Amino acid sequence: MKIRKVVCMLTLSTLLVSGCTSYQKSLYLQNEQVLNESLEGQLYDFRIMPKDELTILVSTTDPEASAPFYRKIGQSKEGSSNNTVGMQDAKLLAYLVDNQGCIDFPVLGNLKVMGLTNRECEALIREKLQPYLKETPNVTVRTSNYKFSVLGEVGRPGTYTTDAEKVTIFEALAQAGDMTLFSVRDDVQLLREDSTGVRRVYHLNLNEANVAQSPYFYLQQNDVVYVKPTKAKVRTNTFNSNSSMWITLLSIVTSITSLVLAISK
């Protein structure tokens, strides 16, 4: 009787410990005090990469002067002298950044924009346009195809496109329906390709608050986030997929056993 009580207590203790461990592993951003230790933050700036698509608008007080410097394919003939209409039509077209990090800009030709922020790209184009215009033009640069993919143990895996210039790992997961309770939160994998075509996998521990200080906290163009399932989820799926086979085998074994017992009598 005493042995049975000891076994029951040990079992209960094990379940409590494992339950606490599972609960801790399901929490985001633990130990947030590490973020308070950093006295100075650093704002993130999106930087242009090859294969980005940029929407670039150039405008001046004289619409005819700036017209050659934005794409107006598809613009109606009547709207060619209307700066507002021209800019609206230009939004439908984008400049593709090639593998060398350049765009082919009207009149100016090839411009190296890789590695620049959108604000730096605006300043570069503004400077290059200065000799062609009597006034300083207004230049607006936006990234039009910022996309990322989220796969694995999330609510809605898929590829997502956003107009934002920065997306955190948590924002990406939120768009994908968040991670399920059967996900591994302390080893989320991030597949990234750099400007030279080299692909690397980075590991993020979302249980810890210091992930917010990671250089991979903000996603880049075409990043792939993979959330691994827990071993329990894999075992459950494996059991479910094989359950019909096991039931059939058990039925056969039961029938054979019953037959043998009947014959032996």
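Just so you know, these numbers come straight off a predicted model, no measurement behind them.
The residue from Met179, His203, Lys228 that alone fulfils the side chain to side chain contact (heavy atoms under 4.5 Å, CB included) condition with Val188 is Met179. When each of Val167, Thr161, Ile169, Val225 is tested with Phe148 by the rule side chain to side chain contact (heavy atoms under 4.5 Å, CB included), just one qualifies, namely Val167.
Under 3.5 Å, the side chains of Asn222 and Glu193 contain no donor-acceptor pair of N or O atoms. With no hydrogens or angles considered, a side-chain donor-acceptor pair links Ser183 and Arg185 at under 3.5 Å. A donor and an acceptor atom, one from each side chain of Tyr28 and Asp178, are located under 3.5 Å apart.
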Step by step, would you call Val227 with Leu173 a side-chain contact (heavy atoms from CB on, under 4.5 Å)? CA-CA 9 Å; Val227 179; Leu173 291 170; 3.9 Å; yes
With side-chain contact (heavy atoms from CB on, under 4.5 Å) as the test, would you mind laying out the steps for Phe170 and Val211 before giving the verdict? CA-CA 10 Å; Phe170 289 108; Val211 70; 4.0 Å; yes
Check the pair Lys128, Ile125 against side-chain contact (heavy atoms from CB on, under 4.5 Å), reporting the backbone distance first and the verdict last. CA-CA 5 Å; Lys128 296 290 185 180; Ile125 295 173; 5.7 Å; no
What verdict does the side-chain contact (heavy atoms from CB on, under 4.5 Å) test give for Leu108 and Leu129, after you've listed the backbone C-alpha separation in whole Å, the side-chain angles of each residue and the deciding distance to 0.1 Å? CA-CA 8 Å; Leu108 301 181; Leu129 289 176; 3.7 Å; yes
Does the side chain to side chain donor-acceptor pair (under 3.5 Å) test come out yes or no for Lys51 and Asn145, once each step is laid out? CA-CA 9 Å; Lys51 303 306 180 184; Asn145 70 328; over 6 Å; no
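To the nearest 0.5 angstrom, Thr55 atom OG1 is 9.0 Å from Asp163 atom CG. Atom CG of residue Leu54 and atom CG of residue Leu57 lie 11.5 Å apart, to the nearest 0.5 angstrom. Rounded to the nearest 0.5 angstrom, Asp45 CG and Tyr218 OH are separated by 10.0 Å. To the nearest 0.5 Å, atoms CE (Met49) and OG1 (Thr143) are separated by 11.5 Å. Note: Asn99 CG to Met114 CE = 10.0 Å, rounded to the nearest 0.5 Å. Atom-to-atom distance recorded for Glu122:CD and Leu116:CG is 11.0 Å, nearest 0.5 angstrom.
Judged by distance alone, with hydrogens and angles left aside, the side-chain atoms of Glu171 form a donor-acceptor pair with the main-chain N or O of Thr168 at under 3.5 Å. Panel note: side chain Asn207, backbone Leu27; a donor-acceptor pair is recorded below 3.5 Å.
Residues Val139 and Leu111 are members of one and the same hydrophobic cluster, defined by side-chain heavy-atom contacts under 4.5 angstrom among Ile, Leu, Val, Met, Phe, Trp and Tyr. Leu151 and Leu190 fall into different hydrophobic clusters, defined by Ile, Leu, Val, Met, Phe, Trp and Tyr side-chain heavy atoms under 4.5 Å apart, directly or through other members. By the criterion of side-chain heavy atoms lying less than 4.5 angstrom apart, applied directly or through intervening Ile, Leu, Val, Met, Phe, Trp or Tyr residues, Leu206 is not grouped with Leu191; the two fall into different hydrophobic clusters. Residues Phe217 and Val224 fall into different hydrophobic clusters, defined by Ile, Leu, Val, Met, Phe, Trp and Tyr side chains chained together at heavy-atom separations under 4.5 Å. Both Tyr202 and Tyr44 sit in one connected hydrophobic cluster of ILVMFWY residues. Membership requires side-chain heavy atoms under 4.5 Å apart, directly or through other members.
Residues Val141 and Arg119 share a closest heavy-atom pair of O-NH2, 3.4 Å. In terms of heavy-atom proximity, Cys121 sits nearest to Ile48 at CB-CD1, 3.9 Å. The two residues Leu124 and Val113 come nearest to each other via the heavy atoms CD2-CG1, 4.4 Å. Closest non-hydrogen pair, Lys112 versus Cys102, comes out as CD-SG, 3.8 Å. Considering every non-hydrogen atom in both Tyr160 and Ala176, the closest pair reads OH-CA, 3.4 Å. Closest approach of Pro106 and Tyr95 over heavy atoms only: CD-OH, 3.4 Å.
Classification of Arg200 and Asp194 as a salt-bridged pair holds, one side-chain N sitting under 4.0 Å from a carboxylate O. Ion pairing of Arg47 with Glu120 is present here, as a side-chain N (NZ or NE/NH1/NH2) and a carboxylate O approach within less than 4.0 Å. Remark: Lys147 does not engage Glu53 in a salt bridge, criterion side-chain N to carboxylate O under 4.0 Å.
Annotation for Lys166: atom NZ counts as buried by contact number, over 12 foreign heavy atoms lying within 6.0 Å. The local environment of CG in Asn31 is crowded, with over 12 non-hydrogen atoms from other residues, nucleotides or ligands closer than 6.0 Å.
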May I have the list of side-chain donor-acceptor pairs in residues 131-138 shorter than 3.5 Å, sequence neighbours left out?
residue, atom, partner, partner atom, Å
Glu135, OE1, Thr61, OG1, 3.4
Glu135, OE2, Thr61, N, 3.3
Glu135, OE2, Thr61, OG1, 2.5

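Side-chain rings of Phe46 and Tyr146 approach one another, their centers coming within less than 6.0 Å.
Using a 4.5 Å cut-off on side-chain heavy atoms (C-beta onward), Asp98 and Pro50 make no contact.
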